[in-house]
Amino acid sequence: MGGIKALSQHYTQANKKRLGFSFQPDNPFMKKIYADAKPTAGVLFKLKVKKTKSGNEVKKEVISTSIVGTVKKINRFESMCDFQYLPLSTPHIEGDKPQCLIEQIIPSGLDELNSILEPTPLFITPSNFTRSDKPITYCYTEKRYVTKDMMKGESTNDEVHKTRMERSLHLPRFIFSLNEELPTEPNEYYIKLRNARQALNPSLEEEYNTVAKLFEERPIWSLNLVKFHTKIKLSSLKVIMPCLALYMREGPWRMLWTRFGYDPRKEPGSRIYQTLDFRMRHAAGVHSMVSTRDEFVHCKKKDRIKNLSKSAIDDLSIEDTVYEGAVYFRPGMAPTQRQIYYQYCDVYLPEVQELVSLSPPAGYTCHERRGWLPPDTDQLCRDHIFRYVMQTLLANRVKYEDGVGTGGESSSDDADEAANASVAEVDESINT
């Protein structure tokens with residue numbers, strides 16, 4: 001199982017690290033079986049048994065029993081064991097025993113050049129192991145691959161063996177193009193789906209009207225921004241959003257939802273809604289001060305399914321909670337994660353707003369990547385945001401260190417001066 005170190009890592013991080021068991025730890029040609037931690041209510045007993053042997057019989061007698069403690073978590077190995085491969089040499093002479101070839105196949109260190117010229121043992125490694133830990137039902141069919149008829153939409157009425165492509169035809173995703181027209185109405189599939197969900201959940205109508213008012217005030221929204229303003233669960237937004245807007249998969253407004261009937265490619269004023277991809281840099285060590293998304297949003301698939309099966313009156317889950325730092329940026333604010341997709345209008349910095357306020361010249365057409373903004377605008381905006389973030393993080397770190405070391409007697413002016421000095425040093429190193 002990996003020893004005490006692996007067991008302790010699994011105990012402290014049960015949601016991220018599964019407990020694995022290997023029959024042969026030194027053999028890489030075999031797959032481990034894994035156990036999942038499950039809550040339980042048990043008691044751990046300690047028994048002392050006395051064994052006495054008389055002839056061929058062994059008698060056991062319980063001398064004492066004692067309770068050691070309670071068991072609140074148990075690891076069960078419920079997954080099936082895959083094939084175990086062991087590289088062996090086939091004996092050429094009858095009576096010889098097969099020998100293990102792991103040491104000859106896997107290099108243990110730096111081999112000499114002559115080892116490349118020598119013949120190697122013939123052993124075909126397994127192409128892959130099973131993808132599932134538990135047995136599943138697989139329907140064998142000839143429609144495994146997408147045919148030309150399926151590409152044209154001339155598929156049969158077979159509801160069992162539908163391909164992934166057929167199930168995704170209704171998704172309102174738009175691959176950016178300057179010539180193709182945007183759809184002005186939602187797909188009937190999502191309208192029927194919303195009506196069916198609304199019959200089961202009457203509160204969905206009120207949530208739908210709330211999101212519709214947002215798109216009347218602003219034509220382009222991100223999903224996180226809608227969740228931040230409305231506090232509506234993701235399971236409901238997946239039904240509401242396709243009925244009101246079109247998802248932009250690529251282009252200047254990628255990963256955003258555009259209201260039906262609004263074409264940002266024809267409106268120069270839509271440049272303020274374009275996507276700004278901001279990522280933390282490693283300069284001055286500020287990259288390590290901001291946690292990654294998977295450090296605070298991590299849950300198993302079965303936990304996500306449980307959250308979706310809850311009623312609408314339940315509290316918001318971790319995936320439904322969006323903080324202000326994930327959608328807005330202001331001076332003195334630090335991002336919630338190392339990579340965030342902002343909209344230019346949501347970055348409240350004077351330098352950024354000045355760049356975005358510049359109108360494109362007459363005759364300028366929308367660019368497939370930059371949109372209505374001039375070249376290098378995104379890079380300049382990232383530099384301004386990073387400068388503010390770095391100043392905020394370094395100032396907070398200096399305040400914390402001074403507060404711990406001197407008992408909190410240091411002034412905020414000294415901390416700001418130290419932070420500004422660190423920022424100046426990093427800016428100088430970037431420019432050089």
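Position 1 is the first residue of the sequence, and the numbers go up from there. What you see below is based on every heavy atom in this structure, not just the backbone, and it leaves out hydrogens, waters and symmetry mates. Because the structure is a prediction, the values reported are computed rather than measured.
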**Q** Any heavy-atom pair between the side chains of Leu225 and His229 that's under 4.5 Å?
**A**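 Yes - at least one pair of side-chain heavy atoms lies under 4.5 Å apart.
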**Q** Testing the basics here: between Lys266 and Glu181, what is the closest heavy-atom pair and its distance to 0.1 Å?
**A**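 Answer, listing the atom of Lys266 first, then Glu181: NZ-OE1, 4.0 Å.
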**Q** Gln337 side chain to Gln339 main-chain N or O, any donor-acceptor pair under 3.5 Å?
**A**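 At least one qualifying donor-acceptor pair exists.
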**Q** Quick check for you: to the nearest 0.5 Å, what is the distance between Arg259 atom CZ and Glu216 atom CD?
**A**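 CD of Glu216 is found 8.0 Å from CZ of Arg259.
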**Q** Using only atom types and a distance under 3.5 Å, with no angle test, would you say the side chain of Gln353 pairs donor to acceptor with the backbone of Val347?
**A**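 Pair found, side chain donor or acceptor close to backbone of Val347.
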**Q** From Phe21 CZ over to Asn75 CG, what is the distance, rounded to the nearest 0.5 angstrom?
**A**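 Interatomic distance, Phe21 CZ to Asn75 CG, rounded to 0.5 Å: 13.5 Å.
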**Q** Just so I know, are the side chains of Met280 and Leu393 near enough to count as touching, which here means a heavy-atom distance under 4.5 Å?
**A**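 In contact.
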**Q** Determine, for Glu207 against Lys233, whether the closest basic-nitrogen to carboxylate-oxygen distance falls under 4.0 angstrom.
**A** no
**Q** Heavy atoms, side chains only, cut-off 4.5 Å: are Tyr11 and Leu19 in contact?
**A** no
**Q** Which heavy atom of Gly325 sits nearest a heavy atom of Tyr342, and at what distance?
**A** O-OH, 3.3 Å
**Q** Tell me the closest heavy-atom pair linking Val322 and Asn224, and the distance in Å.
**A**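 That would be CG1-O, 3.7 Å.
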**Q** I'd like to know if the side chain of Arg271 reaches the main chain of Val356, judged simply by a donor and an acceptor atom lying under 3.5 Å from each other, with no hydrogens or angles considered.
**A**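 A pair under 3.5 Å: yes.
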**Q** Apply the test side-chain contact (heavy atoms from CB on, under 4.5 Å) to residues Arg18 and Lys32: give CA-CA distance (whole Å), side-chain angles for both, the deciding distance (0.1 Å), then the verdict.
**A** CA-CA 11 Å; Arg18 304 176 68 191; Lys32 295 182 179 180; over 6 Å; no
**Q** Mark yes when over 12 heavy atoms from residues, nucleotides or ligands other than Gln379 sit less than 6.0 Å from its CD; otherwise mark no.
**A**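 Yes, enclosed.
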**Q** Once the angle between the rings of Tyr328 and Phe228 is folded into 0 to 90°, is it parallel (under 30°), tilted (30 to 60°) or perpendicular (over 60°)?
**A**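 Correct class here is perpendicular.
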**Q** So Leu7 and His10, do their side chains get closer than 4.5 Å, heavy atoms only?
**A**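 Sidechains of Leu7 and His10: no contact.
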**Q** Pair Thr275, Leu256 - check side-chain contact (heavy atoms from CB on, under 4.5 Å), show working.
**A** CA-CA 8 Å; Thr275 304; Leu256 300 177; 3.3 Å; yes
**Q** Applying side-chain contact (heavy atoms from CB on, under 4.5 Å), run through Phe329 and Tyr388 and close with a yes or a no.
**A** CA-CA 10 Å; Phe329 184 82; Tyr388 278 89; 3.9 Å; yes
**Q** Are any non-hydrogen side-chain atoms of Lys238 and Leu223 less than 4.5 angstrom apart?
**A** no
**Q** Does CD1 belonging to Ile4 count more than 12 external heavy atoms closer than 6.0 Å?
**A** no
**Q** Do the non-hydrogen side-chain atoms of Leu276 and Ile385 ever get within less than 4.5 Å of each other?
**A** yes
**Q** Could you tell me if the side chain of Phe215 sits less than 4.5 Å from the side chain of Tyr262, heavy atoms only?
**A** no
**Q** Would you indicate whether the side-chain heavy atoms of Tyr341 and Asp277 approach each other to under 4.5 Å?
**A**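 Sidechains of Tyr341 and Asp277: in contact.
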**Q** Should we count CZ of Arg197 as having more than 12 external heavy atoms under 6.0 Å?
**A** no
**Q** Sort out for me which residue in Ser359, Pro264, Pro268 forms a side chain to side chain contact (heavy atoms under 4.5 Å, CB included) with Trp372.
**A**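 One option only clears the test, and that one is Pro268.
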**Q** Let me confirm one number: the CG-CG distance from Asn209 to Leu214, rounded to the nearest 0.5 Å.
**A** 11.0 Å
**Q** Using only heavy-atom distances, determine whether the side chains of Tyr273 and Glu267 contain a donor-acceptor pair under 3.5 Å.
**A**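 On atom types as modelled, these side chains do not qualify, holding no pair under 3.5 Å.
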**Q** Taking Thr392 for the side chain and Ala334 for the main chain, is one N or O donor matched with an acceptor at less than 3.5 Å?
**A**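 Answer holds: no.
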**Q** As a quick check of understanding, evaluate side-chain contact (heavy atoms from CB on, under 4.5 Å) for Leu373 and Asp378, giving each step before the final call.
**A** CA-CA 9 Å; Leu373 297 176; Asp378 54 350; over 6 Å; no
**Q** Without swapping roles, check the side chain of Arg382 against the backbone of Arg279 for a donor-acceptor pair under 3.5 Å.
**A** no
**Q** Closest approach of Arg281 and Asp383, non-hydrogen atoms and distance?
**A**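 Shortest heavy-atom separation between Arg281 and Asp383 comes out as NH2-OD1, 2.6 Å.
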**Q** Hey, what do you get for CG (Leu101) to CG (Leu88), rounding to the nearest 0.5 Å?
**A** 6.5 Å
**Q** Do the rings of Trp253 and Phe176 sit parallel, tilted or perpendicular, given the 30° and 60° boundaries?
**A**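 Ring orientation, 0 to 90° scale: tilted.
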**Q** Kindly give the heavy-atom pair with the smallest separation between Tyr344 and Cys381, and that separation in Å.
**A** CE2-SG, 3.7 Å
**Q** Taking all non-hydrogen atoms of both residues into account, name the closest pair between Phe23 and Cys81 and its distance.
**A** CE1-SG, 3.5 Å
**Q** Please indicate whether Arg76 has more than 12 foreign heavy atoms, meaning atoms of other residues, nucleotides or ligands, lying under 6.0 Å from its CZ.
**A** no
**Q** Out of curiosity, Thr184 OG1 to Asp263 CG, how far, rounded to the nearest 0.5 Å?
**A** 11.0 Å
**Q** How long is the straight-line distance from OG of Ser222 back to CZ of Arg254, given to the nearest 0.5 Å?
**A**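 Result: 13.0 Å between the selected atoms.
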**Q** Does Arg369, at its CZ atom, have more than 12 non-hydrogen atoms belonging to other residues, nucleotides or ligands within less than 6.0 Å?
**A**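 No - once you tally the heavy atoms of other residues, nucleotides and ligands closer than 6.0 Å, there are 12 at most.
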**Q** Any sub-3.5 Å donor-acceptor pair from Gln274's side-chain atoms to Arg370's backbone N or O?
**A** yes
